[in-house]
Amino acid sequence: MQQAIHHFQIMSQPVTCKTFGHGQINYTFQIGTDSGKQYILQRINTHVFKKPVQLMENVIAVTEHIQKKVSDDSHSLRFVPALDGKYYYRDERRRFWRCYEFVGGFCLEAPESDADFYESALAFGRFQDQLSDFPAETLHATIPNFHNTPDRYRKLRIAMDEDACDRLQFVQKEIDFIMEREEEAGTIQRMLESGELPLRVTHNDTKLNNVLLDPKTRKALCVLDLDTVMPGSSLFDFGDSIRFGAATAPEDVQELSRMSLDLHLFDVYTKGFLDGCHSLTRKEIELLPLGAKTITLELAVRFLTDYLESDHYFKTQYPDHNLVRTRAQLKLVEDMESKWYRMQKIVKKYMEN
Ligand code: GN1
Ligand code: MG
């Protein structure tokens, strides 16, 4: 890694290097230099991201677009070119590196206050807003059909037909629940296809820990981890933050009575997201609750598919882990349904402001 940094156009001498953050996929290092300037050096996990050149094309196009819109350098990522001018360096072992300027800041694993959650909403809302005039169709789909919910149902049906490890017998209740909601679950995808909803640039990993916060003010600086940036619906970015951050229990909680939607946090996030993003259409705002419900149901479908296919996609810690996750997500869907009217009321409140 000390070798890799020398292949980037940094103007000063590297003097320190330590690991940075808690990323599960890429390998991330913070580099200090003799001028005081700091950099982040990352090695991309090419088992997960099989087309790293396309991935970097997406990331660079998106960050350059954002840079034109912000006045402060710390409000967007700034990648450093390699010596050959490309925004990556491939070492002799074909490992794939990239580098960006580090302006300081920290990330949180869980919100410590409403204000933290609000800041993450603001950051993801702004991200959506800054990219509202970006031609989404020019981006590569780094994972095709990632949030195509009907396609996720199709894959579940294949897994049911194959029933590779004889687990179908244990999940009839879950399958019934999922199938009863199939029609509604396809709504957003159908509206994207018909043009009723705009295709936008979406982040696809809108968890709190992907927001860089200012150490002094705790205000959001910018959004990190742009590896899954792809064309998609704003509703799913909103929805995934709710699914993860406004739930009262972890996504793999066993005790289902602990899992519900925290309406207060839903309110906080909705306000932040809309404060940050003024370019959503009326239809998109109206459908925010459906975004939260659909992405939660879709993830349940993905967990259940993986369970039936003997757990090859998501990392599992015990044999029924994916089934436990499925049930927790379905419980959250059920709870959203029971709070549907109140979710819509919250959204309406901000729509009229
Ligand atoms: C995966 O690895 P992580 O936690 O960033 C998954 C997401 C799921 C999430 C559920 C590329 O994300 O879509 O919501 O697990 N990412 C990919 O825990 O499949
Ligand atoms: Mg991630």
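Each residue takes its place number in the sequence, starting with 1. Ligands are counted one by one from 1 in listed order, and the atoms in each one are counted from 1 as well.
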Novice: Under 4.0 Å from a heavy atom of Phe314: which atoms of ligand 1 are those, numbered in the order shown and with their elements?
Specialist: 15 (O)
Novice: Checking side-chain polar atoms at under 3.5 Å, does Thr248 have a donor or acceptor matched by the opposite partner on Ser260?
Specialist: yes
Novice: Using a 4.0 Å cut-off to any heavy atom of Tyr313, which atoms of ligand 1 qualify?
Specialist: 11 (C), 17 (C), 19 (O)
Novice: Report yes if some N/O of His147 lies less than 3.5 Å from some N/O of ligand 1; otherwise report no.
Specialist: no
Novice: Only heavy atoms count here, so choose which of Lys207, Glu251, Arg243 is nearest to atom 18 (O) of ligand 1.
Specialist: Glu251
Novice: Do the numbers put Arg181 on top of the ring of Phe177, so that NZ or CZ is under 6.0 Å from the six-membered ring centre and no more than 45° off the axis?
Specialist: yes
Novice: Could you tell me whether Arg90 sits above the aromatic face of Phe96, with NZ or CZ closer than 6.0 angstrom to the six-membered ring centre and within 45 degrees of the axis?
Specialist: no
Novice: Record the part of Asp205 in heavy-atom contact with ligand 1 below 4.0 Å; permitted values are side chain, backbone, both and neither.
Specialist: side chain
Novice: Relative to ligand 1, is Phe244 under 4.0 angstrom through side chain, backbone, both or neither, heavy atoms considered?
Specialist: neither
Novice: Under a 3.5 Å cutoff, is there a donor and acceptor pairing between the side chains of Thr149 and Gln189?
Specialist: no
Novice: Considering the heavy atoms of Phe146, write down every atom of ligand 1 situated less than 4.0 Å from one of them.
Specialist: 11 (C), 13 (O), 17 (C), 19 (O)
Novice: Side chains of Asn148 and Asn145: is there a donor and an acceptor less than 3.5 Å apart?
Specialist: yes
Novice: Within 45° of the axis and under 6.0 Å from the centre of the six-membered ring of Trp340, does NZ or CZ of Lys293 qualify?
Specialist: yes
